Amino acid sequence: MKDQLIELLTVATDTLKDQGVVDVDSIPSIRVERTRDPSHGDLASNVALMLARPAGMSPRKLAQKIVDFLPDVDWLEKTEIAGPGFINFFLKSRLAIDIIGQVLERGETFGCNESGKGVRVLVEFVSANPTGPLHVGHGRGAAYGASLSNLLKANGYSVHSEYYVNDAGRQMDILAVSVWLRYLELAGERLPFPVSGYQGDYIWDIGATLHRQSRDALRYPAETILTDLPADAADGGDGEHYIDALIERCKFLLGIEKYRQVHRQGLTEVTANIARDLREFGVEYDEWLAESSLVENNAIEDAIGQLRQSGDVEERDGALWFKSTGYGDEKDRVVQRDNGLYTYFASDVAYHMNKLERGYDRLINIWGADHHGYIARVKAAMTALGARPEQLEVMLVQFVSLYEGGEQLKMSTRSGNFITLRELRQSTGNDAARFFYVMRRPEQHLDFDIDLAKSQTNKNPVYYIQYAHARVSSVFRQLQERGLHWDMEQGLDALEDLTEEHEQELIKVMGRYTELIVDAGDRHEPYQLTYYLRDLSQILHSYYNAHQFIVDDERLRNARLCLIKASQQIIRNGLNIIGVGAPHVMRRD
RNA sequence: GCGUCCGUAGCUCAGCCGGAUAGAGCAACGGCCUUCUAAGCCGUGGGUCGCAGGUUCGAAUCCUGCCGGGCGUGCCA
């Protein structure tokens with residue numbers, strides 16, 4: 001509708017230009033927007049205000065000329081010139097009413113469109129190191145990434161969602177050694193636990209599995225293990241050095257096969273736990289891509305080799321540097337350390353090269369805000385590898401702060417002192433958690449008040465919206481109980497009877513839905529949906545309170561049923577995108 | 001220091017690709033259940049849009065500079 005109006009306005013301004021009434025070189029791109037105030041019509045344009053200065057004419061006078069040259073169309077009720085020179089458009093109400101039939105006809109697919117047709121996009125999100133359970137921060141990335149993927153799919157994009165499993169680095173060795181130490185304790189050895197090891201209870205669980213499966217096969221005396229190790233941080237030493245020494249000792253004693261067994265046990269249990277959490281949270285991936293698979297295929301060597309060929313790396317101080325400053329980064333980055341090991345960044349370069357090789361038009365990475373320093377270097381690498389930097393869009397999701405009893409909780413994965421996503425889901429429910437996570441713009445900090453989230457009682461916007469949905473189902477149950485049935489055809493035929501203010505408002509807001517999906521998708525802003533759904537639910541609740549739907553007048557009754565059924569469908573479609581259930585019954589605990 | 005995100009009602013936040021009187025929820029106060037679920041509805045009060053300049057017919061919105069807060073600034077991952 002907007003587009004059609006823009007076309008009309010373009011015709012009008014072009015005519016003015018051709019006739020020399022308006023003497024301007026270029027007409028700025030014309031914009032038409034929905035009005036906030038109904039007295040300003042349905043849509044409005046500020047062309048006249050934009051054009052007034054170059055045309056040397058007063059805005060209102062120019063607006064009048066534009067209106068005079070507007071082609072006639074049957075769907076426009078009237079136009080008005082208002083304020084400083086806005087042109088307000090009033091649409092024929094018949095047009096707005098058509099939305100009801102469209103929603104009922106398309107059902108689940110209403111709102112889906114082809115604005116992203118033919119574009120292949122890879123959305124990578126969460127990708128937390130498989131060293132422990134997901135915490136509440138990961139939950140935000142998960143909810144955001146899943147909602148964004150759904151939104152893009154609704155806009156016709158071909159979406160591939162992916163979790164990158166960092167299963168090849170030092171952190172995994174720390175996990176393995178942590179598991180082994182817990183296993184040894186369970187086997188009866190007494191030895192200190194490293195300060196830099198993973199402290200969480202889940203490590204005990206994995207150690208227990210190992211003990212059950214292998215009995216004493218992986219056991220060595222504590223003295224053998226601890227001989228000649230440097231001091232841990234607890235004894236005035238360096239915790240990082242200590243754990244590295246412990247890793248070496250572990251690998252030496254166990255040998256490659258048994259070490260791999262411990263390593264694999266830790267990885268598979270933690271990864272399975274993460275996958276289960278995400279699945280239960282309604283977050284599904286098309287692919288779980290392991291860093292180790294890139295290592296096995298020599299992807300890192302290949303990527304670095306390609307950079308070497310293009311002259312983008314050089315040796316310095318015994319290390320290999322990627323000259324990212326040549327691509328706008330603030331400093332060069334090491335890809336291979338002086339000890340011969342590749343850096344985390346090197347594997348990221350390989351991973352992004354891999355993404356490009358798979359032929360995606362756009363790559364969307366959802367990262368925690370603490371990774372923002374990485375954007376420049378990854379884009380630099382992509383450019384060096386021959387991609388356009390705009391192909392990669394990094395969405396930074398700001399931190400989630402937890403509050404309990406008015407105090408902010410400090411969290412650390414290492415110490416095991418954190419609230420897990422699972423704990424949060426269990427206390428608030430998946431629906432509330434999904435909704436709250438996407439309610440804010442991603443670049444906005446999220447204060448999560450645990451007490452409030454745990455309080456089961458009320459005030460939750462998600463319940464408000466779900467209740468609106470359930471109420472409609474309830475009306476249809478009532479209808480059946482009274483021995484009546486909904487005649488959709490008759491209702492659609494009687495839509496002109498929907499003249500009440502609430503009804504008009506509801507129709508108007510429904511008409512915005514598809515545009516909202518397109519805009520929210522383009523701007524990667526699923527949160528817009530939460531505000532929209534609240535608005536729509538608000539009107540539906542008001543309407544419910546103000547009017548009876550099951551009335552004696554059969555035509556009016558069926559028309560109203562069409563209206564609320566269509567509203568319900570939109571609520572369901574919207575909730576579906578943000579991963580929240582649309583219940584037919586609301587129950588109190 | 002530099003980079004980046006943020007600063008709008010008592011609280012949490014929309015609005016920010018310039019537009020018409022700045023919005024919502026919560027909290028506060030007052031009403032509405034013999035009518036399709038009161039997890040609801042109706043109403044009232046509440047704002048120097050961090051501060052100061054600039055651009056513009058027009059600035060919460062764009063630019064500059066301050067002030068305040070978060071995060072980052074590893075041959076860690």
Side-chain angles (χ1 to χ4, degrees), chain A residues 29 31 33 35-37 39-40 44-46 49-50 52-53 58-59 82-86 88 129 131 166 168-172 174 240 291 316-321 330-331 333-348 368-376 396 398-399 401 436 439-447 449 452 456-468 470-479 481-482 519 522-523 527-528 530-531 534-535 537-538 540-551 557 560-561 564 585-589:
Chain A
S29 68
R31 291 187 58 183
E33 279 174 351
T35 58
R36 283 185 48 172
D37 186 335
S39 70
H40 296 151
S45 178
N46 63 350
L49 289 157
M50 302 288 289
R53 171 166 276 252
S58 88
F86 291 101
N88 293 336
N129 284 348
T131 54
N166 287 103
R170 174 172 172 263
Q171 296 302 321
M172 291 308 300
I174 298 177
E240 300 303 312
E291 181 184 7
R316 208 188 303 155
D317 307 328
L320 196 62
W321 299 71
E330 55 185 19
K331 55 192 277 195
R333 309 292 173 176
V334 172
V335 287
Q336 190 173 24
R337 289 187 267 161
D338 54 8
N339 64 7
L341 292 176
Y342 288 107
T343 59
Y344 174 81
F345 174 59
S347 104
D348 247 2
D370 54 333
H371 284 70
H372 86 251
Y374 271 82
I375 300 175
L396 291 179
Q398 291 289 332
F399 275 27
S401 304
F436 274 113
M439 205 164 54
R440 302 263 159 77
R441 284 157 51 212
E443 64 266 31
Q444 190 77 247
H445 284 254
L446 179 62
D447 288 342
D449 186 330
L452 190 72
Q456 189 73 26
T457 46
N458 52 348
K459 294 155 195 164
N460 216 326
V462 69
Y463 292 137
Y464 184 87
I465 294 164
Q466 289 182 320
Y467 185 33
R471 269 189 153 167
V472 175
S473 296
S474 174
V475 170
F476 279 84
R477 280 195 298 273
Q478 269 294 319
L479 190 72
E481 275 172 31
R482 296 186 196 180
D519 188 57
D522 285 348
R523 295 170 67 156
Y527 79 90
Q528 286 193 35
T530 65
Y531 286 89
R534 221 216 158 265
D535 281 354
S537 302
Q538 161 127 272
L540 196 53
H541 280 308
S542 296
Y543 180 34
Y544 179 95
N545 271 271
H547 302 282
Q548 284 285 126
F549 305 147
I550 305 175
V551 290
R557 181 176 73 226
R560 285 183 171 173
L561 292 173
I564 63 170
V585 180
M586 295 298 280
R587 284 193 199 84
R588 274 203 181 82
D589 286 347

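Note that this is a predicted model, so its numbers are computed, not measured. Numbered from 1 within each chain, the chains take letters A, B, ... in sequence-line order. Values below: every heavy atom of this structure, side chains too, minus hydrogens, waters and symmetry copies.
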- Assess whether side-chain contact (heavy atoms from CB on, under 4.5 Å) is satisfied between A:Val462 and A:Phe436, documenting all intermediate values. CA-CA 8 Å; A:Val462 69; A:Phe436 274 113; 5.5 Å; no
- Item | Audit row: A:Thr131, A:Gln171, side chain to side chain donor-acceptor pair (under 3.5 Å) steps and yes/no | CA-CA 7 Å; A:Thr131 54; A:Gln171 296 302 321; 5.7 Å; no
- Message: Determine whether A:Val475 and A:Ile550 satisfy the following criterion, side-chain contact (heavy atoms from CB on, under 4.5 Å), listing intermediate values before the conclusion.
- Response: CA-CA 8 Å; A:Val475 170; A:Ile550 305 175; 4.0 Å; yes
- Query: Stepwise, does the side-chain contact (heavy atoms from CB on, under 4.5 Å) test hold for A:Asn166 with A:Tyr344?
  - Reply: CA-CA 9 Å; A:Asn166 287 103; A:Tyr344 174 81; 3.6 Å; yes
- Item | Residue pair A:Val585, A:Arg477: steps toward the side-chain contact (heavy atoms from CB on, under 4.5 Å) verdict | CA-CA 10 Å; A:Val585 180; A:Arg477 280 195 298 273; 3.7 Å; yes
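Using a 4.0 Å heavy-atom distance criterion, A:Asp317 is classed as a base contact. If you check every strand for non-hydrogen atoms under 4.0 Å, A:Arg523 touches a base. As judged by a 4.0 angstrom heavy-atom cut-off over every strand, A:Val585 is placed among the base-contacting residues. Backbone-only engagement by A:Glu443 is indicated by non-hydrogen atom pairs under 4.0 Å involving sugar-phosphate atoms exclusively.
For the C1' atom pair drawn from B:rG46 and B:rG58, the interatomic distance equals 28 Å after rounding to whole Å. For the P atoms, the distance linking B:rA59 with B:rG45 amounts to 28 Å, nearest Å. Taking the C1' atom of each, B:rA20 and B:rC67 are spaced 33 Å apart, rounded to whole Å. For the C1' atom pair drawn from B:rC16 and B:rG7, the interatomic distance equals 13 Å after rounding to whole Å. Using atom C1' as the reference point in both B:rG3 and B:rG43, the two lie 50 Å apart (nearest Å). One C1' atom belongs to B:rG15, the other to B:rA22, and the distance between them is 8 Å to the nearest Å. B:rC33 and B:rC42 have their P atoms separated by 16 Å, given to the nearest Å. For the P atom pair drawn from B:rU12 and B:rC75, the interatomic distance equals 38 Å after rounding to whole Å.
Under the side-chain contact (heavy atoms from CB on, under 4.5 Å) criterion, A:Tyr531 pairs with A:Tyr527, sequence neighbours left out. Evaluation of the salt bridge (charged side-chain N to carboxylate O under 4.0 Å, His left out) rule for A:Arg337 yields no partner, not counting sequence neighbours. The salt bridge (charged side-chain N to carboxylate O under 4.0 Å, His left out) check on A:Arg333 picks up A:Asp329, with sequence neighbours excluded. Qualifying side-chain contact (heavy atoms from CB on, under 4.5 Å) partners for A:Thr35, counting only residues two or more places apart in sequence or in other chains: A:His40, A:Ala44, A:Lys508. Take A:His547 and apply the side-chain contact (heavy atoms from CB on, under 4.5 Å) test, not counting sequence neighbours, and it matches A:Glu500, A:His502, A:Tyr543, A:Arg560. Judged as a salt bridge (charged side-chain N to carboxylate O under 4.0 Å, His left out), and not counting sequence neighbours, the contacts of A:Arg441 are A:Glu443. Take A:Glu33 and apply the salt bridge (charged side-chain N to carboxylate O under 4.0 Å, His left out) test, not counting sequence neighbours, and it matches A:Arg31. Applying the side-chain contact (heavy atoms from CB on, under 4.5 Å) criterion to A:Tyr464, with sequence neighbours excluded, gives A:Arg534, A:Ser537, A:Gln538, A:His541.
When the side-chain nitrogen and oxygen atoms of A:Arg441 are compared with OP1 and OP2 of B:rC6, one or more of them lie within a distance under 4.0 Å. Between A:Arg170 and B:rC76 there is no side-chain N or O to OP1 or OP2 distance below 4.0 Å. A:Arg557 has no side-chain polar atom (N or O) that falls below the 4.0 Å cut-off from OP1 or OP2 of B:rC36. Between A:Tyr463 and B:rC26, a side-chain N or O to OP1/OP2 separation shorter than 4.0 Å is absent. Side-chain N/O atoms of A:Gln528 include none lying less than 4.0 angstrom from OP1 or OP2 on B:rG15.
Here the nucleotide nearest the side chain of A:Gln444, chosen from B:rC6, B:rU37, B:rC41, is B:rC6. Considering only side-chain atoms of A:Tyr531, the nucleotide from B:rC75, B:rC13, B:rC36 that sits closest is B:rC13. The listed nucleotides are B:rC75, B:rC36, B:rG15; the one nearest the side chain of A:Tyr527 is B:rG15. Comparing B:rC75, B:rA38, B:rC17 against the side chain of A:Tyr467 picks out B:rA38 as the nearest. Minimum atom distance to the side chain of A:Arg534 is reached by B:rA24, of the listed B:rC75, B:rA24, B:rA14. With distances taken from any side-chain atom of A:Arg440 to the nucleotides B:rC17, B:rC36, B:rU12, the minimum falls on B:rU12. Of the candidates B:rC41, B:rU37, B:rG70, B:rC41 carries the atom nearest the A:His541 side chain, counting heavy atoms from C-beta on.
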Heteroatom pairs (N/O) under 3.5 angstrom, protein to nucleotides 19-21 of chain B:
unit_1, atom_1, unit_2, atom_2, d
B:rG19, N7, A:Asn46, ND2, 2.9
B:rA20, N6, A:Asn88, OD1, 2.8
B:rA20, N1, A:Asn88, OD1, 3.3
B:rA20, N1, A:Asn88, ND2, 3.2
B:rU21, O4, A:Asp37, OD2, 2.5

Distances for protein N/O vs nucleotides 42-45 of chain B N/O pairs under 3.5 angstrom?
unit_1, atom_1, unit_2, atom_2, d
B:rC42, OP1, A:Ser542, OG, 2.8

List, with names and distances, any nitrogen or oxygen atoms from the protein found under 3.5 Å away from nitrogen or oxygen atoms belonging to nucleotides 72-74 of chain B.
unit_1, atom_1, unit_2, atom_2, d
B:rG74, OP2, A:Lys331, NZ, 3.4

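Look at CD on A:Glu240: it is 8 Å from C1' on B:rC76, rounded to the nearest Å. Taking atom CZ of A:Arg471 as the reference point, atom P of B:rU35 lies 13 Å away to the nearest angstrom. Between the CG atom of A:Asp535 and the P atom of B:rG23 there is a distance of 14 Å, given to the nearest Å. When the P atom of B:rU35 is taken as reference, atom CD of A:Glu481 falls 15 Å away, rounded to whole Å.
In B:rC49 the base sits anti relative to the sugar, since the glycosidic angle is further than 90° from 0.
Taking the side chain as every heavy atom from C-beta outward, A:Ile564 and A:Tyr544 never approach each other to under 4.5 Å.
The shortest non-hydrogen separation linking A:Phe345 to A:Val334 is CD2-O, 4.0 Å.
Interatomic distance, A:Leu320 CG to A:Tyr342 OH, rounded to the nearest 0.5 Å: 8.0 Å.
Looking at RNA chain B, the stems built from 3 or more consecutive Watson-Crick or G-U wobble pairs, each pair with its key distances under 3.5 Å, are B:1-7 with B:67-73, B:10-13 with B:23-26, B:28-32 with B:40-44, B:50-54 with B:62-66.
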